[in-house]
*Asks:* 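Structure incoming, see below.
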There are 2 protein chains.
Amino acid sequence: MVHQDVLDRAFAALSDSTRRGILTRLGEGPATIGELAVPAGMSLTGLKKHVQVLEDAGLVTTEKVGRSRQCSLGTERLDDVMAWITFYQGLWERRLDGLEAYFTLKKGLDK
Amino acid sequence: MVHQDVLDRAFAALSDSTRRGILTRLGEGPATIGELAVPAGMSLTGLKKHVQVLEDAGLVTTEKVGRSRQCSLGTERLDDVMAWITFYQGLWERRLDGLEAYFTLKKGLDK
DNA sequence: TATATAGTGAACCACATGGTTCACCAAGAT
DNA sequence: ATCTTGGTGAACCATGTGGTTCACTATATA
């Protein structure tokens, strides 16, 4: 799928624990590819790809400084992701309400 | 990756708009594979696979009734997903605080 | 200037994903 | 008893993903 919307890319970027780890690390401040690669136990090339995915999703910004690349948390605040989750939880709660209504009705009919 | 944790599976399941559409539809009440396949413009087999992904993530439960299969919203409330997003937004806000502190400091030094 | 270091791109690999068709089975309808 | 319908599993296909190695560039450092 070449054409993914913002939600697709954001959710996909977050579906990997290595990438979530990178975000967590960057929450403490910027880091280079190498500094991120060591704790991830991964090659520079491999880690770079993860950063690319995060950058495409707007979760990370990078800047080449000297011979290394500084990675920082990006501009995407995940508001849309949060909104979708909240929306879903609304559906879910209403589903529960429906079940409760059903059982209440059933109880009423039983007695 | 065979061993995915709950977050991995949940985020991955939500990273596809067809699947998010299925969840939205199921928020209005249960539906069969066929009823879900029509609006998705997809074969029964294709749609069944999406439902399987959602079921593996705990987002959907299904039950065979007669010759059709009833799909409903599952037990996964996405609390952990919500928690992660909230955690991330915390990181992000603190990052902003850091920038603000920096500029405040810089301003102080400039004058 | 020579050497070490940080990152990058291309090529490759195994496996996952998102879809299809086809053959089949079980359950309803006639 | 036959026919139709809803769903399923297997096989297949193209593309994506998560990782590697290797050759290379560009920047520091000695």
Side-chain angles (χ1 to χ4, degrees), chain A residues 1-26 29-72, chain B residues 1-26 29-72:
Chain A
M1 297 261 146
V2 174
H3 296 297
Q4 294 184 117
D5 68 14
V6 178
L7 274 182
D8 287 349
R9 266 195 293 265
F11 277 124
L14 295 173
S15 72
D16 182 283
S17 68
T18 299
R19 287 193 292 263
R20 291 195 303 273
I22 291 173
L23 292 178
T24 301
R25 167 60 187 81
L26 293 182
T32 67
I33 301 288
E35 288 164 353
L36 295 170
V38 173
M42 195 179 300
S43 66
L44 292 177
T45 309
L47 196 123
K48 171 79 184 326
K49 286 203 199 176
H50 281 298
V51 167
Q52 190 64 55
V53 171
L54 290 166
E55 200 168 7
D56 290 345
L59 292 167
V60 159
T61 53
T62 76
E63 187 195 3
K64 189 97 188 197
V65 37
R67 67 182 161 183
S68 56
R69 177 174 295 277
Q70 283 286 335
C71 308
S72 319
Chain B
M1 299 262 144
V2 174
H3 297 296
Q4 294 183 119
D5 69 12
V6 179
L7 275 182
D8 287 349
R9 265 195 293 266
F11 277 125
L14 294 174
S15 72
D16 182 285
S17 67
T18 299
R19 287 193 290 263
R20 291 195 302 274
I22 291 173
L23 291 178
T24 301
R25 166 63 187 79
L26 293 183
T32 67
I33 301 288
E35 287 164 355
L36 295 170
V38 173
M42 194 178 300
S43 66
L44 292 178
T45 309
L47 195 123
K48 171 76 184 326
K49 287 203 198 175
H50 281 298
V51 167
Q52 190 65 55
V53 171
L54 290 166
E55 200 168 6
D56 290 346
L59 293 166
V60 159
T61 53
T62 76
E63 186 195 2
K64 190 95 190 199
V65 39
R67 66 181 161 184
S68 56
R69 176 173 295 276
Q70 283 285 334
C71 308
S72 318

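Residue numbering restarts at 1 for every chain, and letters A, B, ... go by the order of the sequence lines. When reading the values below, keep in mind they use all heavy atoms of this one structure, side chains included, and skip hydrogens, waters and symmetry mates.
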*Asks:* Would you say a side-chain N or O of B/S43 is under 4.0 Å from OP1 or OP2 of C/dT20?
*Replies:*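 Checking B/S43 against C/dT20: at least one side-chain N or O falls below 4.0 Å of OP1 or OP2.
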*Asks:* Produce a footprint string for nucleotides 1-7 of chain D: one letter per nucleotide, 5' end first; B if the base is under 4.0 Å from any protein heavy atom, S if only the sugar-phosphate is, - if neither.
*Replies:* ---BBSB
*Asks:* Go through the structure and list residues passing side-chain hydrogen bond (donor to acceptor under 3.5 Å, both in side chains) with A/E35, not counting sequence neighbours.
*Replies:*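 With sequence neighbours excluded, A/E35 shows a side-chain hydrogen bond (donor to acceptor under 3.5 Å, both in side chains) to no residue whatsoever.
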*Asks:* Rounded to the Å, how far apart are B/L47 CG and C/dG18 P?
*Replies:*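 Spelled out: CG on B/L47 to P on C/dG18 is 12 Å.
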*Asks:* Going by number, which of residues 50-62 of chain B have a non-hydrogen atom under 4.0 Å from DNA chain D?
*Replies:*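 Contacts with DNA chain D under 4.0 Å: none.
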*Asks:* Quick one: side-chain contact (heavy atoms from CB on, under 4.5 Å) partners of B/A37, sequence neighbours excluded?
*Replies:*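 Only B/L44, B/L47 meet the side-chain contact (heavy atoms from CB on, under 4.5 Å) criterion with B/A37.
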*Asks:* For B/T24, which residues count as a side-chain contact (heavy atoms from CB on, under 4.5 Å) partner, sequence neighbours excluded?
*Replies:*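 Per chain and number, B/T24 pairs via side-chain contact (heavy atoms from CB on, under 4.5 Å) with A/W84, A/F87.
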*Asks:* Less than 3.5 Å apart, which donor and acceptor atoms pair up between the side chains of residues 57-71 of chain B and the rest of the protein, not counting sequence neighbours?
*Replies:*
| unit_1 | atom_1 | unit_2 | atom_2 | d |
| --- | --- | --- | --- | --- |
| B/T62 | OG1 | B/E55 | OE2 | 3.2 |
| B/T62 | OG1 | B/R69 | NH1 | 2.9 |
| B/S68 | OG | B/V65 | O | 3.4 |

*Asks:* With sequence neighbours excluded, what pairs up with A/R25 under the side-chain hydrogen bond (donor to acceptor under 3.5 Å, both in side chains) test?
*Replies:*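 Scan of A/R25 (side-chain hydrogen bond (donor to acceptor under 3.5 Å, both in side chains), adjacent residues dropped) gives none.
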*Asks:* side-chain contact (heavy atoms from CB on, under 4.5 Å) with B/S17: which residues, sequence neighbours excluded?
*Replies:*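 Counting only residues at least two positions away or on another chain, B/S17 forms a side-chain contact (heavy atoms from CB on, under 4.5 Å) with A/D8, B/R20.
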*Asks:* What is the separation between atom NZ on A/K49 and atom P on C/dG7, rounded to the nearest whole Å?
*Replies:*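 Rounding to the nearest Å, NZ of A/K49 and P of C/dG7 are 17 Å apart.
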*Asks:* Where the side chain of A/T45 is concerned, which of C/dT8, D/dG18, C/dG19 is the nearest nucleotide?
*Replies:*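 Per side-chain heavy atoms of A/T45, the pick is C/dT8.
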*Asks:* Apply side-chain contact (heavy atoms from CB on, under 4.5 Å) to B/V38 and list each qualifying residue two or more places apart in sequence or on a separate chain.
*Replies:*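 Partners of B/V38 by the side-chain contact (heavy atoms from CB on, under 4.5 Å) criterion come out as none, since no residue qualifies.
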*Asks:* Could you check which residues of residues 18-25 of chain A get a heavy atom under 4.0 Å from DNA chain C? Sort them by number, please.
*Replies:*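 Contacting residues: none.
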*Asks:* Where each residue is assigned the nucleotide of DNA chain D containing its nearest heavy atom, which of A/S15 and A/G66 is assigned the position nearer the 5′ end?
*Replies:*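 Its nucleotide being nearer the 5' end, the pick is A/S15.
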